[in-house]
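Only this structure's heavy atoms are used, side chains among them; waters, hydrogens and symmetry mates stay out.
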Amino acid sequence: MSLPAFKALMTHTVNLRKLSRNVAGDFSTIATIPNLKGFVQYDSTLVIKEKNETFIHASAIVFLQDNCGIDDNYPYWMVDETSPHTKSNLEVLKVNRIDDPQTGDTHHFELICR
């Protein structure tokens with residue numbers, strides 16, 4: 001899919017929150033990237049979390065543009081959809097970086113959430 005066509009699909013607005021975890025296991029927000037354009041696809045699906053084939057139940061996939069600011073190596077993220085629907089605290093279970101095979105550059109990110 002061409003980049004202009006892909007960006008035209010980004011009709012939802014989300015806030016991306018970076019979380020920190022303390023020794024008790026509690027999470028707190030350490031940074032927020034507000035008002036990102038993306039697309040949230042709500043659907044119940046099973047996905048493989050790691051290469052050891054651990055399956056997890058996901059309730060949404062959030063598609064974000066390549067310039068969203070996410071660090072796909074950092075483990076704790078949360079997504080809040082603010083428009084057109086309001087859905088808070090979508091826990092990011094896995095971040096997939098999708099590269100353009102022709103250029104090798106990042107095309108977009110897919111965040112597997114529950």
Side-chain angles (χ1 to χ4, degrees):
M1 176 179 293
S2 72
L3 197 53
F6 180 77
K7 286 186 178 185
L9 296 173
M10 302 289 117
T11 57
H12 297 188
T13 304
V14 300
N15 295 331
L16 184 60
R17 292 187 287 133
K18 186 176 187 177
L19 306 177
S20 176
R21 191 173 199 174
N22 66 21
V23 294
D26 300 319
F27 289 100
S28 62
T29 300
I30 56 173
T32 300
I33 306 171
N35 301 317
L36 293 171
K37 297 309 281 181
F39 183 78
V40 183
Q41 174 184 322
Y42 292 101
D43 194 10
S44 180
T45 186
L46 287 176
V47 294
I48 297 174
K49 182 166 170 87
E50 298 296 331
K51 293 178 182 164
N52 63 3
E53 298 186 14
T54 301
F55 287 93
I56 53 175
H57 180 261
S59 58
I61 301 174
V62 179
F63 299 85
L64 295 175
Q65 297 179 37
D66 63 332
N67 61 353
C68 67
I70 194 167
D71 175 358
D72 56 339
N73 293 310
Y74 189 80
Y76 306 122
W77 295 95
M78 194 76 70
V79 174
D80 302 314
E81 181 182 5
T82 59
S83 174
H85 309 286
T86 303
K87 178 80 172 172
S88 297
N89 300 323
L90 291 169
E91 177 188 2
V92 177
L93 302 171
K94 183 178 179 184
V95 177
N96 293 325
R97 176 188 298 264
I98 308 301
D99 293 333
D100 183 330
Q102 295 175 340
T103 64
D105 295 332
T106 300
H107 185 268
H108 70 280
F109 290 93
E110 295 177 4
L111 285 57
I112 310 302
C113 301
R114 69 170 163 201

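Ring pair His85/Tyr42 is perpendicular by interplanar angle, where above 60° counts as perpendicular and below 30° as parallel.
A distance of 9.5 Å separates NZ in Lys37 from CD in Gln65, rounded to the nearest 0.5 Å. If you take CD1 on Ile61 and CG on Leu93, they are separated by 11.0 Å, rounding to the nearest 0.5 Å. Once rounded to the nearest 0.5 Å, the distance linking NZ of Lys94 with CG of Asp72 reads 12.0 Å.
Here the closest non-hydrogen pair linking Leu64 and His108 is O-CB, 3.2 Å. Contact record, His57 with Arg114: O-CB, 3.9 Å, taken as the closest heavy-atom pair. Scanning all heavy atoms of the two residues, the minimum distance from Asp66 to Phe109 falls at O-CE1, 3.7 Å. Contact between Leu90 and Cys113 at its shortest, heavy atoms only, is CB-CB, 4.0 Å. Nearest heavy atoms, Ile30 versus Tyr74: CD1-OH, 3.8 Å. Nearest heavy atom pair, residue Thr29 against residue Thr32, reads CG2-OG1, 3.6 Å.
Thr45 places no side-chain N or O within 3.5 Å of a backbone atom of Ala58 that could act as its donor or acceptor partner. Proximity of a side-chain donor or acceptor of Tyr76 to a complementary backbone N or O of Ser28 within less than 3.5 Å is not detected.
Within a 6.0 Å radius of NZ in Lys87, other residues, nucleotides and ligands contribute 12 heavy atoms or fewer.
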What do the steps show when you test Met78 against Glu91 for side-chain contact (heavy atoms from CB on, under 4.5 Å), and what is the final call?
-> CA-CA 5 Å; Met78 194 76 70; Glu91 177 188 2; 4.1 Å; yes

Please step through side-chain contact (heavy atoms from CB on, under 4.5 Å) for the pair Val14 and Thr82, ending with a clear verdict.
-> CA-CA 6 Å; Val14 300; Thr82 59; 6.0 Å; no

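Linking ILVMFWY side-chain heavy atoms closer than 4.5 Å, directly or via other members, places Ile98 and Val92 in two distinct hydrophobic clusters.
Between the side chains of Arg17 and Asn89, at least one donor N or O sits under 3.5 Å from an acceptor N or O.
For Asp99, the salt bridge (Lys or Arg N to Asp or Glu O under 4.0 Å) criterion is met by no residue, not counting sequence neighbours.
The side chain to side chain contact (heavy atoms under 4.5 Å, CB included) test with Val79 singles out one residue from Leu111, Ile70, Leu36, and that residue is Leu111.
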